[in-house]
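The basis for the numbers below is simple: all heavy atoms, side chains too, and nothing from hydrogens, waters or symmetry mates. All chains are named by letter (A, B, ...) in the order of the sequence lines, taking the proteins before the strands, and each is independently numbered beginning at 1.
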There are 2 protein chains.
Amino acid sequence: MTTAPAPARRDAEATKAAILKAARHLLARHAHADITLKAVAERAGVSPPLVVKYFGNKDALFARVMSFDTDADDLLDAPLAGLGRHMVQHVLASQRDRGADPLLRIAFAPLHGDHGDVLRANFRAQVTDRLAARLTGPDAGLRAELAVAALIGVGVMYGIARGPHLRESDPDEVADRYGPLVQAQLTP
Amino acid sequence: MTTAPAPARRDAEATKAAILKAARHLLARHAHADITLKAVAERAGVSPPLVVKYFGNKDALFARVMSFDTDADDLLDAPLAGLGRHMVQHVLASQRDRGADPLLRIAFAPLHGDHGDVLRANFRAQVTDRLAARLTGPDAGLRAELAVAALIGVGVMYGIARGPHLRESDPDEVADRYGPLVQAQLTP
């Protein structure tokens, strides 16, 4: 009896993840205003009512997709001394294993008019300001933005430009090369 | 007589630049297939026939916009020993002075279907491979991609995420902080 709910919960989680992935995919390609719940459901391979059941309406779904909160939890989940390397590894692993990126959807802000500003405000509060709050020394805000910039760049190069050398390299080796550069902003 | 053509040439250059800027703006927000020459002309404040006069048809205009050649000339125009700093300064100056970026339009490849692949192929040939050809030592291809990744990230943070600390900082100071990170990939 204690393990019975697990498969159903796993299914629900997988379905929710598929819906979020579909919504993110569409938001990287179409203006917010042009995306329908039906299109999200179709891409996720579920029925529109299921999307409504899990996320409410379109605004609620997109508010969730436009939040960086959960992603930032994982991205920032390391002690400061090793955070640069951890973040590089996390971006590469997300790209490779899930075809996703914790930060990259900020790049699509220009597509979304006023909603782009929501994305920017979330990004600042949930990612760069949150990282800056962990840093000591001068120019913590600038250093946090530069560290995050370096991570976004790796995401663009891997997932969008599809740089062949980056994609074929051992992620640990890439983290060896690039992690210290990010770390130099965190603990100069 | 010798100086008479100059103003006309300057006008023509300014008009061409306005048309290219309008085309880039639209390509960052709409799928290639949805953009008309008329929309480009309207945004540039010129007549559609003038766009045709300067660039031929829509395909020719977009081939030009999807090329990184001219931008890479300026971006890479420094001796290797100081190239990291130069590239960071060049990206920041382009963003600040022209609201443009030599590299950033690669981020919009997902919008453009098959044309996105043209953008990716150009980007590789005209930017990352061209930079890699100047590097010595092991993993030149990977190092070139990582150096360019770091630059793209700064462009996203400045022009799209609009990071307030980065935008308010002295570009020379940013280049002092971030240039060595790029340089570390070029001449490790």
Side-chain angles (χ1 to χ4, degrees), chain A residues 25 28-31 34 88 103-104 106-113 116-117 119-120 123-124 127-129 132 139-170 173-174 177-178 180-185 188, chain B residues 25 28-31 34 88 103-104 106-113 116-117 119-120 123-124 127-129 132 139-170 173-174 177-178 180-185 188:
Chain A
H25 178 96
R29 286 160 182 81
H30 305 280
D34 296 339
V88 173
L103 301 171
L104 201 49
I106 187 62
F108 305 111
L111 284 180
H112 303 306
D117 287 335
L119 205 57
R120 288 185 188 99
F123 188 77
R124 195 195 300 190
V127 182
T128 51
D129 283 359
D139 300 324
L142 174 61
R143 285 155 45 211
E145 286 182 1
L146 291 177
V148 171
L151 298 170
I152 293 173
V154 164
V156 172
M157 183 59 73
Y158 194 108
I160 298 184
R162 296 183 195 151
H165 299 281
L166 178 57
R167 294 179 75 97
E168 285 156 18
S169 295
D170 176 355
E173 217 171 279
V174 176
R177 282 196 183 282
Y178 204 76
L181 280 53
V182 178
Q183 190 67 38
Q185 299 300 332
Chain B
H25 178 97
R29 288 162 181 81
H30 305 279
D34 296 340
V88 173
L103 301 171
L104 202 48
I106 188 62
F108 306 112
L111 285 178
H112 303 306
D117 287 334
L119 206 57
R120 289 185 188 97
F123 188 76
R124 196 195 297 187
V127 182
T128 51
D129 284 358
D139 300 323
L142 174 62
R143 285 156 45 212
E145 286 181 2
L146 290 177
V148 171
L151 297 172
I152 293 173
V154 165
V156 172
M157 184 58 75
Y158 194 108
I160 298 183
R162 297 184 194 151
H165 299 282
L166 178 57
R167 294 179 74 98
E168 286 156 16
S169 294
D170 177 354
E173 218 172 279
V174 176
R177 282 197 183 281
Y178 204 76
L181 281 55
V182 179
Q183 191 66 38
Q185 299 300 332

Chemist: To the nearest 0.5 Å, what is the distance between CZ on B:Arg29 and NE2 on A:His112?
Modeler: 11.5 Å

Chemist: Got a sec: does the CZ of B:Arg143 have more than 12 other heavy atoms crowding it under 6.0 Å?
Modeler: yes

Chemist: Counting heavy-atom pairs under 4.5 Å to chain A, which of B:Val156, B:Leu151, B:Leu111, B:Val154 comes out on top?
Modeler: B:Leu111

Chemist: Once you round to the nearest 0.5 Å, how far does CG of B:Leu181 lie from CD of A:Gln183?
Modeler: 11.0 Å

Chemist: Heavy-atom pairs under 4.5 Å with chain B - which of A:Gly153, A:Ala31, A:Pro180 has more of them than the others?
Modeler: A:Gly153

Chemist: Got a second to check how far B:His30's NE2 is from A:His30's NE2, nearest 0.5 Å?
Modeler: 13.0 Å

Chemist: With a 4.5 angstrom heavy-atom cut-off, which part of B:Asp34 approaches chain A: side chain, backbone, both or neither?
Modeler: neither

Chemist: Looking only at heavy atoms, which two atoms of B:Pro110 and A:Ala28 are closest? And how far apart?
Modeler: CB-O, 4.1 Å

Chemist: Test A:Asp117 against B:Arg162 for side chain to side chain contact (heavy atoms under 4.5 Å, CB included), laying out the working first.
Modeler: CA-CA 10 Å; A:Asp117 287 335; B:Arg162 297 184 194 151; 4.0 Å; yes

Chemist: I'd like to verify something: which residue of B:Ala109, B:Ala184, B:Ala107, B:Gly155 has the highest number of heavy-atom pairs under 4.5 Å with chain A?
Modeler: B:Ala107

Chemist: Counting C-beta onward and ignoring hydrogens, is there a side-chain heavy-atom pair between A:Arg124 and B:Pro164 closer than 4.5 Å?
Modeler: yes

Chemist: Under 4.5 Å heavy-atom distance to chain B, tell me which part of A:Gln185 shows up: side chain, backbone, both or neither.
Modeler: side chain

Chemist: Could you have a look at A:Val174, A:Leu104, A:Leu142, A:Ile152 and say which one has the most heavy-atom pairs with chain B under 4.5 angstrom?
Modeler: A:Leu142

Chemist: How long is the straight-line distance from CD1 of B:Ile160 back to CZ of A:Phe108, given to the nearest 0.5 Å?
Modeler: 8.5 Å

Chemist: Between B:Val148, B:Val182, B:Leu166, which has the largest tally of heavy atom pairs under 4.5 Å with chain A?
Modeler: B:Leu166

Chemist: Stepwise, does the side chain to side chain contact (heavy atoms under 4.5 Å, CB included) test hold for A:Leu146 with B:Arg177?
Modeler: CA-CA 9 Å; A:Leu146 291 177; B:Arg177 282 197 183 281; 4.1 Å; yes

Chemist: Which heavy atom of A:Ala149 sits nearest a heavy atom of B:Tyr178, and at what distance?
Modeler: C-OH, 4.0 Å

Chemist: Taking every heavy-atom pair that is under 4.5 Å apart, which of A:Leu119, A:Asp139, A:Thr128 has the most such pairs with chain B?
Modeler: A:Asp139

